[in-house]
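The analysis underlying the following values was restricted to heavy atoms, covering all of them including side chains, and did not include hydrogens, waters or symmetry mates. Computed from a predicted structure; not experimentally measured. Heads up: numbering here begins at 1 and tracks the sequence.
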Amino acid sequence: MPGLTAPSDYSQEPPRHSSLLINAKEPFNAEPPRAALVASYVTPSDFFYKRNHGPIPIVENINRYSVNVSGLVERPKQLFMKDIWMLPKYNVTATLQCAGNRRTAMSKTKTVKGVGWDVSAIGNAIWGGAKLSDVLELIGIPKLTSVTEFGGRHVEFVSIDKCKEENGGPYKASIPLSQATNPEADVLLAYEMNGEPLNRDHGYPLRVVVPGVIGARSVKWLEDINIIEEECQGFFMQKDYKMFPPSVNWDNIDWSTRRPQMDFPVQCVICSLEDVSTIKPGKVKISGYAASGGGRGIERVDVSVDGGKTWMEASRIQKSGVPYISEHASSDKWAWVLFEVTADILHSTEIIAKAVCHVPSSNQHNSNIF
């Protein structure tokens, strides 16, 4: 692509923070230490997890870079950055999470494939850019459209990033057109992260941000946007990130029987302590994060210091000085909450934290043993 190229090797990788925990060097996949992750509500870009599938693309000429928007539409269009910058800019605070987050813990129960993430393949940032619904209006698709007159029902995002899972082809994913054209879904073509231009690891010069959905759908280094009839047939839509029962293994799996994962489930993680820690008896601060996909707020975070026999409610925090109320206008609907509680720990025990969102059956917890 003019202006943006995908290198064939890893000789031109960007600098990264030395404290990151590297899970794979080539391609580079890394996460921050637990305590650093929850040191602030907005995650600094240096400490935002890095999820890559190949060498990081290089911008050679920002003025020549463009995105082609085409497919089942009335008027295909080539958009340059100046065209996107002219659209209204929105800032959306949203948590992105790799669907493989906590995979290392999963493998302790049953071995799973993929990058061995701890609990920090997640981060919360203020993304700046144009709403995808505004961009699609430029090619004749009105807001709140579910199907175009030519039969388009999905929006496919294609990266210049090449990956082995696509046999050297581009990384790609899709979302329903109804979500893409809904301004309330806050889907962005983002060019800023935390008030600064995206850095190379996070998609410079342009990426998609799909709030409330697993990070695999927020495609970086955009090259094409296609309006298509069926959902994307790429590897990461059709042969990864799907939910199967325990009876399914790599010998009997039938990928076609499950839909691609979109909204991520509620998560609750203790970050102030490791899975097994030695501490002095006395008062201990227990803190971490809780998040839910789909814009669902966190109604409650409970902590137990006796293995689940009794529970205490933790405080939930987003913006400093603003009380957090789940799904209230003052709260960031697409973002995580940080939680905290102080408890007396006098002997060896198991500490558990669980979060509950507004869907009664949706809850998840993690435990730490002392």
S.K.: Taking a hydrophobic cluster as the set of Ile, Leu, Val, Met, Phe, Trp and Tyr residues connected by side-chain heavy atoms closer than 4.5 Å, whether directly or through intermediates, do Ile22 and Val119 fall within one such cluster?
M.R.: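 No, Ile22 and Val119 fall in different hydrophobic clusters.
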S.K.: Can you tell me if Ser66 and Gln78 form a side-chain donor-acceptor pair at under 3.5 Å?
M.R.: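 Side chains of Ser66 and Gln78: pair found under 3.5 Å.
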S.K.: Keeping the roles fixed (side chain from Glu166, backbone from Phe235), state whether a donor-acceptor pair exists under 3.5 Å.
M.R.: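 Judged by distance alone, yes, a pair lies under 3.5 Å.
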S.K.: With a cut-off of 6.0 Å (strictly less than), are more than 12 heavy atoms of other residues, nucleotides or ligands near CE of Met312?
M.R.: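 Result for CE/Met312: enclosed.
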S.K.: Cation over ring, Arg16 on Phe28, under 6.0 Å and within 45°?
M.R.: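 Checked: cation-pi criterion met.
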S.K.: Can you confirm whether the side chains of Asn52 and Asp201 place a donor and an acceptor under 3.5 Å from each other?
M.R.: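 Asp201 and Asn52 do have a side-chain donor-acceptor pair below 3.5 Å.
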S.K.: Just by modelled atom types, is the Lys220 backbone N or O under 3.5 Å from a matching donor or acceptor in the Tyr171 side chain?
M.R.: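 Judged by distance alone, no pair lies under 3.5 Å.
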S.K.: Does atom CZ of Arg75 have more than 12 heavy-atom neighbours, drawn from other residues, nucleotides or ligands, at distances under 6.0 Å?
M.R.: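 It does: Arg75 CZ has more than 12 such atoms within range.
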S.K.: Find the distance between CD1 (Ile58) and CD1 (Ile160) and round it off to the nearest 0.5 Å.
M.R.: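 Taking CD1 in Ile58 and CD1 in Ile160, the distance rounds to 10.5 Å.
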S.K.: Is the side chain of Ser120 donor-acceptor paired with the backbone N or O of Pro32 at a distance under 3.5 Å, no angle test?
M.R.: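 Checking the backbone N and O of Pro32 against the side chain of Ser120, a donor-acceptor pair under 3.5 Å is found.
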S.K.: Let me confirm one number: the CG-OG distance from Asn252 to Ser247, rounded to the nearest 0.5 Å.
M.R.: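 Reported value, rounded in 0.5 Å steps: 7.0 Å.
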S.K.: If we ignore hydrogens and angles and just use 3.5 Å, is the side chain of Thr95 paired with the main-chain N or O of Trp336 as donor and acceptor?
M.R.: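 The answer is yes, because a donor-acceptor pair under 3.5 Å joins these two groups.
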S.K.: What's in the same ILVMFWY side-chain cluster as Trp250, cut-off under 4.5 Å, chained through other members?
M.R.: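 Besides Trp250, the hydrophobic cluster comprises Phe244, Val248, Ile253, Trp255, listed by chain and residue number.
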S.K.: Drop me the distance from Leu189's CG to Leu79's CG, to the nearest 0.5 angstrom.
M.R.: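 Going from the CG atom of Leu189 to the CG atom of Leu79 covers 8.5 Å.
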S.K.: Report yes or no: is the cationic atom of Arg296 (NZ for Lys, CZ for Arg) under 6.0 Å from the centre of the six-membered ring of Trp334, at an angle within 45° of the ring normal?
M.R.: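 No.
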S.K.: Inspect the surroundings of CD in Glu313 and state if more than 12 heavy atoms from other residues, nucleotides or ligands are less than 6.0 Å away.
M.R.: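 Result for CD/Glu313: enclosed.
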S.K.: Salt bridge check: are Asp161 and Lys172 linked by an N-O gap of less than 4.0 Å?
M.R.: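 Salt bridge absent between Asp161 and Lys172.
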S.K.: Say whether, by atom type as modelled, one donor and one acceptor occur between the side chain of Asn101 and the main chain of Cys98 under 3.5 angstrom.
M.R.: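 A pair under 3.5 Å: no.
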S.K.: Test your reading of the model: is there a side-chain donor-acceptor pair from Asn23 to the backbone of Val115, 3.5 Å cut-off?
M.R.: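 No; zero donor-acceptor contacts below 3.5 Å.
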S.K.: Which atoms form the tightest heavy-atom contact between Arg217 and Val213, and what is the distance?
M.R.: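 Of all heavy-atom pairs spanning Arg217 and Val213, the closest is CG-CG1, 3.4 Å.
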S.K.: Between Phe48 and His202, what is the ring plane arrangement, given parallel below 30°, perpendicular above 60°, and tilted in between?
M.R.: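 If you compare the ring of Phe48 with that of His202, the planes turn out perpendicular.
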S.K.: Side chains of Leu177 and His154, heavy atoms from C-beta outward: is any pair under 4.5 Å?
M.R.: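 Not in contact.
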S.K.: What are the two closest heavy atoms between Ser174 and Met237, and how far apart are they?
M.R.: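 Smallest interatomic distance, heavy atoms only, reads OG-CE, 3.4 Å.
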S.K.: Are Trp221 and Ile56 side-chain neighbours, meaning at least one heavy-atom pair lies under 4.5 Å?
M.R.: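 When only atoms from C-beta onward are counted, Ile56 and Trp221 do touch, with a gap below 4.5 Å.
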S.K.: Give the cluster check for Leu138 versus Ile141: same hydrophobic cluster or not, with ILVMFWY residues linked at side-chain heavy-atom distances below 4.5 Å.
M.R.: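 In one cluster with Leu138: Ile141, yes.
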S.K.: If you look at every heavy atom in Leu37 and Cys271, which pair is closest and at what distance?
M.R.: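 Shortest heavy-atom contact: CD2-SG, 4.5 Å.
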S.K.: What heavy-atom pair brings Val158 and Val219 nearest, and what distance separates the two atoms?
M.R.: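 The answer is C-CG1, 4.4 Å.
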S.K.: Can you tell me if Lys110 has over 12 outside heavy atoms packed within less than 6.0 Å of its NZ?
M.R.: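 Buried by this count: over 12 neighbours within 6.0 Å.
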S.K.: Report, as yes or no, whether the 6.0 Å neighbourhood of atom NZ on Lys162 holds more than 12 heavy atoms from other residues, nucleotides or ligands.
M.R.: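 Atom NZ in Lys162 is crowded, with more than 12 foreign heavy atoms closer than 6.0 Å.
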S.K.: Going from CG on Asp306 to CH2 on Trp311, what distance comes out if it is rounded to the nearest 0.5 angstrom?
M.R.: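 One finds 8.5 Å between CG of Asp306 and CH2 of Trp311.
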S.K.: Does atom NZ (Lys164) have a neighbourhood of more than 12 heavy atoms from anything else shown, all under 6.0 Å?
M.R.: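 12 or below, so no.
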S.K.: Does Lys131 make a cation-pi contact with Tyr90, if we ask for NZ or CZ under 6.0 Å from the ring centre and within 45° of the axis?
M.R.: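 Relative to the ring axis of Tyr90, which defines the angle, Lys131 lies inside both limits.
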S.K.: If two hydrophobic side chains count as joined below 4.5 Å and joins carry through other members, does Leu136 share a cluster with Met81?
M.R.: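 Shared cluster, yes.
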S.K.: Does Arg200 have more than 12 heavy atoms from other residues, nucleotides or ligands lying within 6.0 Å of its CZ?
M.R.: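 Buried by this count: over 12 neighbours within 6.0 Å.
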S.K.: Donor-acceptor check, side chain of Arg103 to backbone of Val112, threshold 3.5 angstrom: yes or no?
M.R.: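 Absent.
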S.K.: How long is the gap from CD on Glu149 to CD on Glu74, to the nearest 0.5 Å?
M.R.: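 Going from CD on Glu149 over to CD on Glu74, the span is 5.5 Å.
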S.K.: Closest approach of Ala216 and Ala173, non-hydrogen atoms and distance?
M.R.: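 Here Ala216 and Ala173 meet closest at O-CB, 3.7 Å.
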S.K.: For the pair Glu31 and Lys50, find out whether any cationic side-chain nitrogen is under 4.0 Å from an anionic carboxylate oxygen.
M.R.: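 Result for this pair is no, no salt bridge flagged.
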S.K.: Ring centroids only, cut at 6.0 angstrom: are Tyr289 and Phe339 within range, meaning strictly under it?
M.R.: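 Not close enough - the centres of the two rings lie 6.0 Å or further apart.
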S.K.: Backbone N or O of Gly123 within a donor-acceptor pair of the Thr43 side chain at under 3.5 Å?
M.R.: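 No.
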S.K.: Are the charged groups of Asp240 and Lys242 less than 4.0 angstrom apart, N to O?
M.R.: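 Answer for the salt bridge query: no.
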S.K.: Whether Glu137 and Lys143 form a salt bridge (side-chain N of Lys/Arg under 4.0 Å from carboxylate O of Asp/Glu) is what I want to check.
M.R.: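 Result for this pair is yes, salt bridge flagged.
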S.K.: Within this structure, what is the CG-CZ distance for the pair Leu206 and Phe157, rounded to the nearest 0.5 Å?
M.R.: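 Taking CG in Leu206 and CZ in Phe157, the distance rounds to 10.5 Å.
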S.K.: Between Ser304 (side chain only) and Thr310 (backbone N and O only), is there a donor and an acceptor less than 3.5 Å apart?
M.R.: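 Indeed, once roles are kept as given, a pair shorter than 3.5 Å links the two residues.
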S.K.: Between the side chain of Thr148 and the main-chain N/O of Leu72, is any donor-acceptor distance below 3.5 Å?
M.R.: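 Flag set: sc Thr148 to bb Leu72 pair under 3.5 Å.
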S.K.: If you measure only the distance, is there a donor-acceptor pair under 3.5 Å linking the side chains of Asn63 and Lys82?
M.R.: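 Side chains of Asn63 and Lys82: no pair found under 3.5 Å.
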S.K.: I need the minimum non-hydrogen distance between Ile352 and Gly308, along with the two atoms involved.
M.R.: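 So the minimum-distance heavy-atom pair works out to CD1-N, 3.8 Å.
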S.K.: Using 4.0 Å as the upper bound for N to carboxylate O, is an ion pair formed by Lys333 and Glu327?
M.R.: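 Looking at Glu327 and Lys333, the cut-off is not met.
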S.K.: Regarding Lys239 and Glu165, does a basic nitrogen lie under 4.0 Å from an acidic carboxylate oxygen?
M.R.: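 Here Lys239 does not pair with Glu165 in a salt bridge, since their nearest N and O are not under 4.0 Å apart.
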